[in-house]
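See structure below.
The chain is numbered in sequence order, starting from 1. Because the structure is predicted, anything quoted here is derived from the model rather than measured. All ligand and atom numbering here is 1-based and tracks the order in the structure.
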Amino acid sequence: MIVVLKQHAPAAQVKAFCQELEGMGFEINDSTGSDTHILGLIGDTKALSQSWLLANPVVDTCRRVSEPYKKANRKFHPDDTVVSVGGIKIGGGNFAVMAGPCSVECESQIVEVAQRVKAAGASILRGGAFKPRTSPYSFQGLRAEGLELMAKARAVTGQPLVTELMNNEHIPLFLDEQVDMIQIGARNMQNFELLKAVGRTNVPVLLKRGLSSTLEELVMSAEYIMAEGNPNVVLCERGIRTFETSMRNTLDLSAVPMLKKMTHLPVVIDPSHAAGIAFMVPSLAQAAVAVGADGLMIEVHNDPARAKSDGAQSLTPDQFDALMAVIRPELSFFGKTLN
Ligand code: PEP
Ligand code: MN
């Protein structure tokens with residue numbers, strides 16, 4: 001951390017400030033020029049708050065020179081992390097497709113979609129039981145019953161399950177292999193108590209990027225989970241808010257190479273929530289593979305026109321078959337293994 005002191009800061013106050021920092025365990029590299037006075041703080045500054053520094057009357061500006069995330073940082077862990085979800089590997093050259101309906105609606109729907117997406121090559125079944133909806137009057141999900149129906153589909157196809165957790169109180173329903181991967185949705189990316197709670201489990205976590213979150217904020221949320229002891233985090237870019245209104249969101253493809261530089265965690269793309277319109281999903285999925293993503297999350301419904309949520313962006317099983325037929329040769333071109 002570099003701290004620039006104010007010109008003409010009283011020497012006694014500067015001395016007291018330096019003593020306080022030394023008392024906190026930092027070594028200070030003091031550089032005094034003709035009109036600038038800079039302190040270089042040496043030590044682990046991850047817990048040091050910039051706003052605490054800026055609140056000191058002797059401080060003019062400060063700047064971090066190392067990232068505030070450590071466990072997720074590629075600098076300290078150069079190799080790609082491979083996360084295993086019920087035996088399906090994601091990351092380090094392993095590509096996994098998670099597919100299924102936005103919401104679980106009934107047993108026949110989830111079982112039928114699970115069978116179709118599995119046959120097409122999706123190794124992980126997605127489905128929402130607890131749904132984060134913008135309107136309280138919209139379908140809120142089948143909740144605990146939805147989890148039971150997903151488990152029935154898993155018993156039929158053998159696919160591991162990923163489903164969203166919205167509330168700490170529901171965690172017991174997600175443990176003991178009831179689900180194979182916990183999804184933290186975009187709206188909860190900065191629900192820090194929820195992040196800490198899933199960090200205390202050993203269930204792999206799919207962490208979706210918040211609607212208006214920076215990549216550093218996303219990685220810091222992963223750091224929350226990892227700091228509690230759970231290293232199995234997969235990041236998901238699912239579109240962000242921009243000035244563009246012709247699509248639901250704007251897919252930030254540049255997030256993939258940048259996140260891979262910042263962290264060793266696998267990165268997957270959800271083109272369904274990014275586009276919000278089914279016709280765009282296949283091309284965005286192809287782009288995701290080309291840009292180096294480790295997986296895809298795709299919404300598939302057996303009858304999109306009657307879906308209880310996100311029908312407009314859902315592919316039919318036939319459209320999903322076609323998408324997978326294009327993705328397979330692309331994956332082999334890029335040297336990825338479809339798991
Ligand atoms: C979902 O996956 O159904 C979902 C609600 O996603 P997001 O949190 O990205 O909006
Ligand atoms: Mn959805």
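- Of the N or O atoms in K131, one or more lie within a sub-3.5 Å distance of an N or O in ligand 1.
- Nearest to the Mn ion (ligand 2), among the N, O or S atoms that D310 has, is OD2.
- By the 3.5 Å distance cut-off applied to N or O atoms, R187 is counted among the residues near ligand 1.
- Any N or O atom pair closer than 3.5 Å counts here, and A186 shares at least one such pair with ligand 1.
- Between R238 and ligand 1, an N or O atom pair is found at a separation short of 3.5 Å.
- The closest donor-acceptor contact from the side chain of R209 to the backbone of S213 lies under 3.5 Å.
- Shown are R126, R238, R248; of these, the salt bridge (Lys or Arg N to Asp or Glu O under 4.0 Å) with E299 is made only by R126.
- The protein heavy-atom contact nearest to atom 4 (C) of ligand 1 is H273 NE2, 3.4 Å.
- With F139 as the aromatic partner, K308 meets the cation-pi criteria of under 6.0 angstrom to the ring centre and within 45 degrees of the ring axis.
- Distance alone, capped at 3.5 Å, places no donor-acceptor pair between the S212 side chain and the R241 backbone.
- Under a 3.5 Å cut-off, the side chain of N232 and the backbone N or O of S84 do not form any donor-acceptor pair.
- In this structure, R209 does not count as a contact residue of ligand 1, since none of its heavy atoms falls inside 4.0 Å of the ligand.
- The single protein non-hydrogen atom nearest to atom 2 (O) of ligand 1 is R126 NH1, 2.7 Å, given as residue, atom name and distance.
- Around the NZ atom of K71, the shell of radius 6.0 Å holds no more than 12 heavy atoms that belong to other residues, nucleotides or ligands.
- Between the side chain of E223 and the backbone N or O of A72, at least one donor-acceptor pair lies under 3.5 Å.
- Nearest to atom 6 (O) of ligand 1 among the protein's heavy atoms is K208 NZ, 2.9 Å.
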